[in-house]
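Input: a single structure, listed below in structure tokens.
In this text the structure is predicted, and so the values were computed from the model without any measurement.
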Amino acid sequence: MKETLEIIGQIFLLMGSFSLLTAAIGLLRMPDVYNRVQTGTKASTLGAILSFIGLALMTYENWVEINWVGRFAVLVVFIILTNPVSSHVLMRAAYAMKIPLSKLTTVDKLREDINNKIVEEPKDE
Amino acid sequence: MKIKNIFVSFLVIMIGWMLLTWSLDMSSVLLGIGISLALSIVLCNSCTLFNEINLTPKAFAYFFWYIIVFMIELVKANIDVTRRVLSPSMPINPGIVKVETTLKSKMARLILANSITLTPGTFTIEINDDAMYIHWIDVESEDVEGATNAIVRKFEKLLEVMYG
Amino acid sequence: MDNIVIYISIAMLMATLLAGLIRFVKGPSVVDRVVAFDSMTVTSLVMIGVIAFLSNRAIYLDVAVVYGFLSFLGVVIVAKYIQGGL
């Protein structure tokens with residue numbers, strides 16, 4: 001039973017590190033800022049969550065005396081709450097700076113609607 | 001109205017206290033209850049953060065079901081993005097599409113936007129009334145209807161139950 | 001032999017940090033650098049968790065919580081600044 005927990009935890013940790021590595025490779029390879037934000041911040045969210053779950057499972061020996069699980073749970077909830085907010089703010093800043101989209105982009109409904117005066121330019125009040 | 005607000009924020013702060021202290025001593029739990037009660041009364045006296053939540057058993061069941069659906073979507077989308085990043089030709093097809101939501105509550109819209117942002121491949125840039133502008137790494141359909149069906153519907157029908 | 005999985009994952013995390021650093025140095029715009037910084041921060045949070053596990057001290061995780069909070073604040077403030085709202 002205990003060895004099973006440890007092996008499951010190690011598998012989770014490996015999957016998490018691999019996901020983080022994928023995020024970094026995406027950060028290097030993607031053509032423009034928007035796609036880099038996409039792959040760079042979101043794959044790393046899942047990677048961090050999986051790694052923390054794995055590490056929490058691997059510390060099964062002293063779950064009762066020492067507070068491992070609670071701290072890892074707080075970290076996971078914290079990352080789930082803050083990561084979309086910070087990456088969304090970054091993406092809006094990139095759009096407000098008018099950094100051009102890559103040549104692969106097919107459609108930009110937001111620019112069309114800004115030109116048609118349906119929405120305002122994203123900037124601060 | 002106000003009681004519900006204070007109660008929900010009390011629960012959130014108390015769960016955080018219990019997770020961080022990790023002890024079931026009488027003194028520690030009582031101290032936690034006192035601090036959480038004081039904080040939730042002081043901080044949430046005028047906030048409207050949890051006003052629109054439904055506190056029924058059905059909403060709780062849908063909350064857990066939502067978490068499960070969200071996790072499945074997260075893993076599926078991650079596998080998809082991993083495949084795109086690692087394949088040598090990098091088959092991406094990005095674009096910004098417009099979707100529409102029928103949710104009215106602010107909190108539900110916040111959760112919807114954050115869920116869309118957390119699933120890799122889709123990313124909320126701007127919200128304007130009912131319209132949301134989403135950066136999509138692989139555009140399947142450019143019109144509003146198709147994009148709404150592909151991105152928003154699966155989360156929306158669960159959130160409608162939780163936030164009346 | 002017991003810890004070989006942990007060493008493999010530490011190697012992967014180091015490679016992640018290196019890739020983030022390359023993007024941080026190279027990145028054409030400010031937003032690229034901030035994204036690289038954010039990704040490196042999440043990686044270091046995981047690294048702190050691994051170190052806490054290896055040295056068997058749960059108290060190190062508190063450092064990770066505070067570090068994550070400060071980094072979130074930093075990213076949001078820098079984004080607001082380059083957007084012109086600060």
*So, does C:Arg23 use its side chain to make a donor-acceptor pair with the main chain of A:Leu27 at under 3.5 Å?*
yes
_Measuring from atom OG of A:Ser44 to atom CG of C:Asp38, what distance do you get when rounded to the nearest 0.5 angstrom?_
7.0 Å
*What are the two closest non-hydrogen atoms of C:Gln83 and A:Ala96, and how far apart are they?*
CG-CB, 3.9 Å
_Ignoring hydrogens, what is the shortest heavy-atom contact between C:Val31 and A:Val33? Give both atom names and the distance._
CG1-CG1, 3.6 Å
*Checking heavy atoms, do the side chain of A:Ala48, its backbone, both or neither come under 4.5 Å from chain C?*
both
*Who among C:Val78, C:Leu13, C:Thr43, C:Val35 has the most heavy-atom pairs with chain A under 4.5 Å?*
C:Val35
*Could you look at A:Leu20 and say if it's the side chain, the backbone, both or neither that has a heavy atom under 4.5 Å from chain C?*
both
*Search all heavy atoms of A:Ala93 against all heavy atoms of C:Ala79 and return the closest pair with its distance.*
CB-O, 3.8 Å
*Assess whether side chain to side chain contact (heavy atoms under 4.5 Å, CB included) is satisfied between A:Val89 and C:Val75, documenting all intermediate values.*
CA-CA 9 Å; A:Val89 172; C:Val75 168; over 6 Å; no
*First locate atom OG of A:Ser86, then atom CG of C:Leu73, and finally report the distance between them rounded to the nearest 0.5 Å.*
10.5 Å
_Contacting region of A:Ile79 [heavy-atom separation from chain C under 4.5 Å]_ = side chain
*asked:* A quick test of your reading: do over 12 heavy atoms of other residues, nucleotides or ligands sit less than 6.0 Å from CZ of A:Phe18?
replied: no
*Quick one: of C:Ile10, C:Val76, C:Asn56, who has the most non-hydrogen atom pairs under 4.5 Å with chain A?*
C:Asn56
*Verify side chain to side chain contact (heavy atoms under 4.5 Å, CB included) between A:Arg36 and C:Asp32, making sure each step is shown before the conclusion.*
CA-CA 8 Å; A:Arg36 273 177 216 141; C:Asp32 285 299; 2.4 Å; yes
*Aromatic rings A:Phe78 and C:Phe69: how do their planes relate, parallel, tilted or perpendicular, breaks at 30° and 60°?*
tilted
*Closest contact, heavy atoms only, A:Thr59 versus C:Phe53*: CG2-CD1, 3.4 Å
_Per-residue contact mode, A:Thr41 against chain C (heavy atom under 4.5 angstrom)_ = side chain
*asked:* What verdict does the side chain to side chain contact (heavy atoms under 4.5 Å, CB included) test give for C:Ile82 and A:Met97, after you've listed the backbone C-alpha separation in whole Å, the side-chain angles of each residue and the deciding distance to 0.1 Å?
replied: CA-CA 8 Å; C:Ile82 60 183; A:Met97 283 170 76; 4.2 Å; yes
*Do you know the tightest heavy-atom contact between C:Leu61 and A:Trp68?*
CD1-CE3, 3.9 Å
*Under the side chain to side chain contact (heavy atoms under 4.5 Å, CB included) criterion, do C:Val50 and A:Leu55 qualify, and how do the steps go?*
CA-CA 7 Å; C:Val50 172; A:Leu55 284 170; 4.1 Å; yes
*Do you know which of C:Val65, C:Asp62, C:Ile8, C:Val34 has the most heavy-atom pairs with chain A at a distance under 4.5 angstrom?*
C:Asp62
*Checking heavy atoms, do the side chain of C:Ala52, its backbone, both or neither come under 4.5 Å from chain A?*
both
*asked:* To the nearest 0.5 Å, what is the distance between CD1 on A:Ile66 and CZ on C:Arg57?
replied: 10.5 Å
*Got a second to check how far C:Asn3's CG is from A:Met58's CE, nearest 0.5 Å?*
7.0 Å
*Approximate separation, where rounding is to 0.5 Å, of A:Leu21 CG and C:Ser9 OG*: 11.5 Å
